[in-house]
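Quick note: residue numbers are just sequence positions, from 1.
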Amino acid sequence: MHESLTIGQLSDRSGVAPSALRYYERLGLIRAERTGGNQRRYARSELRRVAFIRISQQVGISLDEIRAALESLPASRAPTADDWSRLSTVWRERLDEKIRLLTKLRDDLDSCIGCGCLSLQRCTLSNPSDALAGEGPGPRLMLPRPAAEPAPA
């Protein structure tokens, strides 16, 4: 393999522990070839994949989703800028929604922490009498709602 990296070199360059790299390899997120002595050798292009995995995890994307995205990239060559752009376009809407939700959470927490009401009468995250239980489990006030469905009063 031309200009390959050992697992230690890939770890040093990516900031990811060798154990995590072996785990990513087991999951099929990255690929290594083996030497005659059964040592892993990674193509330099795997650095970009590892960076993509780390960043994706930091924004809350599951390893299964990351694997599916990486499987859309060509296996026979290093991905090009166009390949990465195509992949990012698929996630753009999802990431925009995540940003919207995180912004809402940040803003609502600021007002809750700073309002001092202590009675929760004005809290935008309050759910008096468990009124949202009929909509299903989970944080209903933070989930996106269809445009036609008004938020509960």
- line: Output for pair (R22 CZ, R26 CZ), nearest 0.5 Å, gives 8.5 Å
field: Rounded distance (nearest 0.5 Å) linking atom CD1 of I55 with atom CD of Q57
entry: 11.0 Å
- request: Please lay out, stage by stage, how E3 and R44 fare under the test salt bridge (charged side-chain N to carboxylate O under 4.0 Å, His left out).
  value: CA-CA 7 Å; E3 291 200 40; R44 287 183 120 35; 3.4 Å; yes
message: How long is the straight-line distance from CZ of R40 back to CD1 of I30, given to the nearest 0.5 Å?
response: 8.5 Å
task: Ignoring hydrogens and angles, tell me if any N or O in the side chain of E46 forms a donor-acceptor pair with the backbone of R31 under 3.5 Å.
output: yes
message: Ignoring hydrogens and geometry beyond distance, is a side-chain donor-acceptor pair present between D83 and T80 at under 3.5 Å?
response: yes
message: Donor-acceptor pair, distance only, cut-off 3.5 Å: does the side chain of T103 make one with the backbone of I99?
response: yes
- request: Step by step, work out the side chain to side chain contact (heavy atoms under 4.5 Å, CB included) result for D12 and L5.
  value: CA-CA 10 Å; D12 288 344; L5 302 169; over 6 Å; no
task: Ignoring hydrogens and angles, tell me if any N or O in the side chain of S56 forms a donor-acceptor pair with the backbone of F52 under 3.5 Å.
output: yes
message: So which atom in S14 and which in R54 form the shortest heavy-atom distance, rounded to 0.1 Å?
response: O-NH1, 2.9 Å
message: Would a single hydrophobic cluster contain both L73 and L27, if residues Ile, Leu, Val, Met, Phe, Trp and Tyr are joined by side-chain heavy-atom contacts under 4.5 Å?
response: yes
message: Same cluster or not: L21 versus Y23, using hydrophobic residues (I, L, V, M, F, W, Y) connected whenever any side-chain heavy atoms lie under 4.5 Å apart?
response: yes
- prompt: Say you draw a straight line from CG of L95 to CZ of R92; how long is it, rounded to the nearest 0.5 Å?
  reply: 8.5 Å
- prompt: For the residue pair Y42 and L10, what are the closest heavy atoms and their distance?
  reply: CG-CD2, 3.5 Å
query: Nearest 0.5 Å, what's the CZ-CD1 distance between R49 and I53?
result: 7.5 Å
message: So does S62 get a backbone contact from the side chain of E65, meaning a donor-acceptor N/O pair under 3.5 Å?
response: yes
field: Evaluation steps, salt bridge (charged side-chain N to carboxylate O under 4.0 Å, His left out), between E97 and R100
entry: CA-CA 5 Å; E97 178 60 18; R100 187 192 70 73; 2.8 Å; yes
- request: Examine V90 and L87 and state if one hydrophobic cluster contains both, with Ile, Leu, Val, Met, Phe, Trp and Tyr joined whenever side-chain heavy atoms are less than 4.5 Å apart.
  value: yes
- request: Under the side chain to side chain contact (heavy atoms under 4.5 Å, CB included) rule, what do T35 and R41 come out as? Steps first, then yes or no, please.
  value: CA-CA 7 Å; T35 66; R41 292 294 184 266; 3.5 Å; yes
